[in-house]
Amino acid sequence: MSQPFGGHDDNRWLLPQQAPFELRSLDLALARMVRQRTGSTALARLSAWLSAAERQGHASLTVTPEQMTSALDQHTRARDWVGDGAALTPLVWRDGQLSLWRNWRHEAVIAADLRLRAAALVCPTSDSRADLDALYPDSDSAEQRAAVSAALGRGLFVLTGGPGTGKTSTVLRLLLMLRLALPEDADALQIALAAPTGKAAARLAESVNSGKQALRESLTEARWRLAIDRVPEQAATLHRLLGYHPATDHFARNRKNPLAADVVVVDEASMVDLAMMRALIEALRADATLILVGDADQLVSVSAGSVLADLVEAAGSTNSPLSHSVARLTRVWRTSGGLAEVYESLRQGDAGALSEALQQPDQSRCRLRRCVDADQLHARIHQWLADPHVLASLCPGADIEAPQALRLMGEHQLLCATRGGAFGAATVNTLIDAQLRARIGQGGLWYAGRRIIITRNDYGRRLFNGDVGIALWADGALRVYFSASEERTGGCRSLLPQELPEHDLAFAMTIHKSQGSEYRQVGVILPPDPGHPLLSRQLLYTAVSRAKLSAELWTSAEALQAALQRVVRRQGGLLSRLGGEGGAQAEPAL
């Protein structure tokens, strides 16, 4: 534990009860401030724990009546700091959960808005059977057709499903149906496509444009062509959509200045935290349609909250107001056989099914490769680089063009549970970098094939956290190329290395950073210690589901089993607010 306040005894008052989370300097600073202002050591201790819990993604902390009574009885000033949510107080304690006011307010606003949107019918509807027949001419797509039909006319629609289940193609058809429901002389339906990260936004745009092209070939009537053409070709990050100003840390779009869009589609919604979801819904018109798309079984947002997972779980509750606003796709179109079975066994946490899939070499496309120490990690990396296809993507030839090199980056990727540590992305990147340098005889920092990932947003250069680039020779100089779906020429753009914002190597990346991406083949590197705190079913599922063709798991059998059994559930009040009677909590006053 950090000791930032001078003296090893300074924080002993925090320790009579063991903290449920590791405390850091910021947590201890908050605790000291609360104790100074309230006179309550117990409340200060709870505040430190709550701060640490929020850093782990929890919106609240479970606190017993005995703990709260002790905290409030230590000093009369402490009672001014804790309320029930009816009025503004620094802390809110209700139903056994202690929250910071901002998270309490986020949840209250989100729940109230989504419940209203779920009950609203904001888009016109029509007799759509013939149009649905045209979009879905065969029975194989009955599940997707039912999802589109259920969504028509709703102010809120949530589409969830695993990798390759056709979520984007379903949303595209839904958008066409919404446009066709309008009178022919009506103004064009304004649609906004968005995602949490630049990488996810680029993939959304790519998928939508590919789907539009396929539909143009099958739907030749003029009204279909018009509807298809009016679906936007570009997608924005949520920050860009809402007009985020880094200098002020505020969004230009809000209740007083809402978005013009009639329909807003947000892909990879599992990555959206409480604060961003609140900013989004406050920027929507009351009569706009919100469509959230994502895999509710993936890793949740880095910051506080698990909005998509809570929405989907709430919809399954008895008499839920969201029950008709959520659809799940289950049929896997992207792949078949062993890998599809692995996806489902991981999602369900079915150890028997996973073991059976891993032991079928002729059918399974997922393998467990034992990797428990540094020597075995070195051997696995050497074996990975020995694959000529992998090597071709890492060491591009002098005549390769940037678009092709960027496409090759989507072929093979190593994913790590952690950034640091013996099995983390930083270590793996260093090992691969050294081997590539030795292979090509390069002593300098930059060389053709050096793959990097941006780690800090740079709005001026239009580079964002998670964007991946590759260095290539061009006109006698090394430049770093990035995909750019908005660029009309070549689909990419480049900068000189010295122009780049903060970045790391990206031969391996963390599983969190890989969300919104897909690759033909992935190697998943997990710490071999089954007690490692980051191992979870969601982490494992997210990693393997990045693969379209094959996946390797580099870890121990014990760690794999531990990850499969450990389900991370975040504490918070949004689920109860959305799921029936628990959702009818009083709105806090401002």
Side-chain angles (χ1 to χ4, degrees), residues 56-57 162-163 270 295 297-300 302 338-339 341-359 364-385 390 412-432 453 504-515 517-519 521-547 549-569:
Q56 297 296 322
S270 63
D295 189 343
D297 297 301
Q298 282 189 184
L299 284 168
V300 293
V302 175
L339 197 54
E341 294 171 3
V342 170
Y343 292 161
E344 186 61 17
S345 65
L346 293 176
R347 191 182 76 83
Q348 297 281 0
D350 189 335
L354 178 61
S355 177
E356 182 177 349
L358 293 176
Q359 294 175 13
S364 176
R365 295 173 180 174
C366 187
R367 299 283 189 277
L368 173 61
R369 308 291 193 191
R370 182 173 173 80
C371 185
V372 299
D373 55 34
D375 289 341
Q376 289 186 341
L377 178 61
H378 280 73
R380 294 293 174 211
I381 290 174
H382 183 77
Q383 190 176 35
W384 177 263
L385 296 178
V390 173
H412 313 277
Q413 183 65 51
L414 292 176
L415 305 176
C416 301
T418 66
R419 184 182 183 280
F423 295 86
T427 297
V428 176
N429 276 318
T430 299
L431 293 172
I432 293 177
I453 183 170
D504 288 330
L505 288 169
F507 301 117
M509 68 175 66
T510 63
I511 296 168
H512 267 285
K513 291 284 190 182
S514 74
Q515 286 184 269
S517 301
E518 64 179 23
Y519 310 93
Q521 178 187 20
V522 299
V524 181
I525 306 172
L526 303 179
D529 176 11
H532 196 284
L534 285 184
L535 293 177
S536 71
R537 184 184 303 172
Q538 291 98 323
L539 184 84
L540 183 58
Y541 172 78
T542 302
V544 175
S545 62
R546 299 309 89 208
L549 183 64
S550 64
E552 293 184 0
L553 303 173
W554 300 4
T555 188
S556 67
E558 295 78 10
L560 178 61
Q561 183 68 18
L564 192 66
Q565 294 177 347
R566 189 175 300 143
V567 178
V568 175
R569 297 194 181 279

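Below, each value reflects all heavy atoms present in this structure, side chains not excepted, and no hydrogens, waters or symmetry copies. Note that the numbering runs from 1 along the sequence shown for the chain.
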(request) Identify the heavy atoms of A547 and V522 that sit nearest to each other, and give their distance. (result) CB-CG2, 3.6 Å
(request) Would you check, one step at a time, whether the test side chain to side chain contact (heavy atoms under 4.5 Å, CB included) holds for T418 with H532? (result) CA-CA 10 Å; T418 66; H532 196 284; 3.8 Å; yes
(message) Quick one: does any side-chain atom of T427 pair with a main-chain N or O of G421 as donor and acceptor, under 3.5 Å?
(response) yes
(message) Rounded to the nearest 0.5 Å, what separates atom OG in S556 from atom CG in L368?
(response) 8.0 Å
(request) Determine the sole option in V372, L414, L526 for which the side-chain contact (heavy atoms from CB on, under 4.5 Å) test with W554 is passed. (result) L414
(request) Using the side chain to side chain contact (heavy atoms under 4.5 Å, CB included) rule, take L346 and D297 through it: C-alpha gap first, then chi angles, then the decisive distance, then the call. (result) CA-CA 10 Å; L346 293 176; D297 297 301; over 6 Å; no
(message) When you measure from the side chain of R537 to the backbone of L564, do you find a donor-acceptor pair of N or O atoms at a distance under 3.5 Å?
(response) yes
(request) Determine whether more than 12 heavy atoms belonging to other residues, nucleotides or ligands lie under 6.0 Å from atom CZ of R566. (result) yes
(message) For a 4.5 angstrom cut-off between non-hydrogen side-chain atoms, does L534 reach P527?
(response) no
(message) Minimum heavy-atom separation for A559 and P528, please, with both atom names.
(response) CB-O, 3.4 Å
(request) Would you check if Y541 and P163 make a side-chain contact, meaning some heavy-atom pair closer than 4.5 Å? (result) yes
(message) I'd like to check the side-chain contact (heavy atoms from CB on, under 4.5 Å) partners of Q561; sequence neighbours left out, ordered by chain and number.
(response) A351, Q565
(request) Answer yes if the side chains of Q538 and R569 hold a donor-acceptor pair under 3.5 Å, and no otherwise. (result) no
(request) Indicate yes or no: at least one non-hydrogen side-chain atom of R367 is less than 4.5 angstrom from one of L358. (result) no
(request) Look at the side chain of N429 and the backbone N and O of A508, then say whether any donor-acceptor pair between them is shorter than 3.5 Å. (result) yes
(request) Please lay out, stage by stage, how R369 and Q376 fare under the test side chain to side chain contact (heavy atoms under 4.5 Å, CB included). (result) CA-CA 10 Å; R369 308 291 193 191; Q376 289 186 341; over 6 Å; no
(request) Could you tell me whether the side chain of Q521 and the main chain of E552 form a donor-acceptor pair under 3.5 Å? (result) no
(request) State, to 0.1 Å, how close W384 and G523 come at their nearest heavy-atom pair, and which atoms those are. (result) CH2-N, 3.8 Å
(request) With the side chain counted from C-beta on, respond yes when I432 and L505 share a heavy-atom pair under 4.5 Å apart, and no when they do not. (result) no
(request) Might you point out which heavy atoms bring C366 and V342 nearest each other, and give the distance in Å? (result) CB-CG2, 3.8 Å
(request) Please round to the nearest 0.5 Å and tell me the distance separating atom OG of S514 and atom CD of Q413. (result) 8.0 Å
(message) Using side chain to side chain contact (heavy atoms under 4.5 Å, CB included), reason through S270 and Q515 one step at a time and then give a plain yes or no.
(response) CA-CA 9 Å; S270 63; Q515 286 184 269; 3.9 Å; yes
(request) Nearest 0.5 Å please: distance from the CE atom of M509 over to the OG atom of S517. (result) 6.0 Å
(message) So does H378 get a backbone contact from the side chain of H382, meaning a donor-acceptor N/O pair under 3.5 Å?
(response) no
(request) Under the salt bridge (Lys or Arg N to Asp or Glu O under 4.0 Å) rule, collect the residues that match up with R370, sequence neighbours excluded. (result) none
(message) For L299, run the side-chain contact (heavy atoms from CB on, under 4.5 Å) check against L540, L539, V568 and tell me which one passes.
(response) L539
(request) Measure the shortest side-chain to side-chain distance between T555 and I525 over non-hydrogen atoms and say whether it is less than 4.5 angstrom. (result) no
(message) If I take atom NZ from residue K513 and atom CZ from residue R419, how far apart are they, to the nearest 0.5 angstrom?
(response) 9.0 Å
(request) State, yes or no, whether a side-chain contact exists between L553 and V544 at a heavy-atom distance under 4.5 Å. (result) yes
(message) Checking E344 now: which residues fulfil salt bridge (Lys or Arg N to Asp or Glu O under 4.0 Å) with it, not counting sequence neighbours?
(response) R347
(message) So, taking the atom named CD1 in I381 and the one named CZ in F507, what distance separates them when rounded to the nearest 0.5 Å?
(response) 11.5 Å
